[in-house]
Amino acid sequence: MLKRVVEEGGNSGSFKQASQHLQRLLDVDIGAKETQRLTEQIGEQWVSARDEQVEQFKQGKLERLHEQAPQATVVMVDGGRSQIRAAEAGPGVHEPGWREVKYASLATLASRVSLHDPQPEPPSKLLNPERVKKIVEQLHDQHIPAPRPTES
């Protein structure tokens, strides 16, 4: 239950909204202030655990989760703008502004060696010439040409 409270507290637009979601979805009556207290308390614990892992990594003491390195790794990075307000300023909005937020995702990939093609025949939708033409047209419509270099 605590995990759900913290998830809602961290992912909702406000602690009041999180409290309302918990009431509606789980039939749990936890007020906005209690949701905020629990979310911040657990969040601080997570930050501390993360910082400890970073230090262990820097010292080469972090326990490996995999016996062998993955065959391939993918890192995806994105960013956006988010409205923020002053922390620790009490209820209400104080010093509103915009801040850039950054997101990253890490995935590992693995494949098995096979002596035969696991899908020797093409997918059925690629055997129909009219369907292929439509798919290609849709892909073409989504294509955005790269900007041309400007001469200086």
Side-chain angles (χ1 to χ4, degrees), residues 1-113 118-119 123 125-126 131-152:
M1 182 61 74
L2 181 60
K3 181 181 177 187
R4 292 191 179 222
V5 171
V6 172
E7 284 176 350
E8 278 300 322
N11 293 320
S12 295
S14 69
F15 294 116
K16 180 179 179 184
Q17 187 180 47
S19 175
Q20 292 169 346
H21 288 169
L22 291 165
Q23 174 66 40
R24 186 173 57 252
L25 298 173
L26 302 175
D27 198 28
V28 175
D29 189 20
I30 297 179
K33 286 292 184 185
E34 183 67 6
T35 301
Q36 178 179 1
R37 187 186 68 73
L38 290 170
T39 301
E40 290 175 350
Q41 180 181 1
I42 300 300
E44 288 172 8
Q45 292 174 8
W46 288 350
V47 166
S48 177
R50 181 210 54 207
D51 291 347
E52 184 178 321
Q53 286 182 332
V54 168
E55 282 305 313
Q56 289 176 348
F57 175 78
K58 287 178 180 178
Q59 297 171 13
K61 297 178 182 177
L62 187 63
E63 181 182 336
R64 292 178 184 253
L65 299 177
H66 305 283
E67 291 180 22
Q68 182 177 341
Q71 294 177 338
T73 304
V74 178
V75 178
M76 296 172 278
V77 181
D78 199 358
R81 305 290 280 169
S82 176
Q83 273 197 318
I84 54 112
R85 61 183 180 188
E88 307 295 328
V93 178
H94 303 276
E95 301 174 32
W98 288 92
R99 169 133 337 133
E100 182 174 285
V101 292
K102 296 177 175 87
Y103 303 95
S105 175
L106 173 69
T108 58
L109 309 171
S111 64
R112 295 187 189 119
V113 175
Q119 187 176 356
K125 67 181 174 185
L126 297 180
R131 182 105 188 251
V132 170
K133 181 180 176 188
K134 186 175 181 179
I135 292 170
V136 170
E137 287 171 352
Q138 289 172 343
L139 289 171
H140 184 267
D141 291 344
Q142 293 176 2
H143 175 72
I144 300 172
R148 296 178 182 219
T150 57
E151 294 183 24
S152 34

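The first residue of the sequence shown is numbered 1, and numbering continues consecutively from there.
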Go through Glu55 and Lys58 one step at a time and tell me if the salt bridge (Lys or Arg N to Asp or Glu O under 4.0 Å) criterion holds.
-> CA-CA 5 Å; Glu55 282 305 313; Lys58 287 178 180 178; 3.8 Å; yes
What distance separates [X] [atom1] from [Y] [atom2], expressed to the nearest 0.5 Å?
{"X": "Lys61", "Y": "Glu52", "atom1": "NZ", "atom2": "CD", "answer": "11.5 Å"}
{"X": "Leu26", "Y": "His21", "atom1": "CG", "atom2": "NE2", "answer": "11.0 Å"}
{"X": "Arg4", "Y": "Leu25", "atom1": "CZ", "atom2": "CG", "answer": "9.0 Å"}
{"X": "Gln17", "Y": "Leu22", "atom1": "CD", "atom2": "CG", "answer": "11.0 Å"}

[X] atom [atom1]: more than 12 heavy-atom contacts under 6.0 Å:
{"X": "Arg64", "atom1": "CZ", "value": "no"}
{"X": "Gln59", "atom1": "CD", "value": "yes"}
{"X": "Arg81", "atom1": "CZ", "value": "yes"}

Please report the closest heavy-atom contact between Gln23 and Asp29, naming both atoms and the distance.
-> OE1-CA, 3.3 Å
Taking side-chain contact (heavy atoms from CB on, under 4.5 Å) as the test, write out the residues that go with Leu62, two or more places apart.
-> Gln53, Gln56, Phe57
side-chain contact (heavy atoms from CB on, under 4.5 Å) with Glu44: which residues, sequence neighbours excluded?
-> none
Could you list the donor-acceptor pairs under 3.5 angstrom formed between side-chain atoms of residues 34-41 and any protein atom two or more places apart in sequence or on another chain?
| unit_1 | atom_1 | unit_2 | atom_2 | d |
| --- | --- | --- | --- | --- |
| Glu34 | OE1 | Arg37 | NE | 3.2 |
| Glu34 | OE2 | Arg37 | NH2 | 2.7 |
| Thr35 | OG1 | Gly31 | O | 2.9 |
| Gln36 | NE2 | Glu40 | OE2 | 3.1 |
| Arg37 | NH1 | Gln41 | OE1 | 3.0 |
| Thr39 | OG1 | Thr35 | O | 2.7 |

Check: Ser82 side chain, Arg99 main-chain N or O, donor-acceptor pair, under 3.5 Å | no
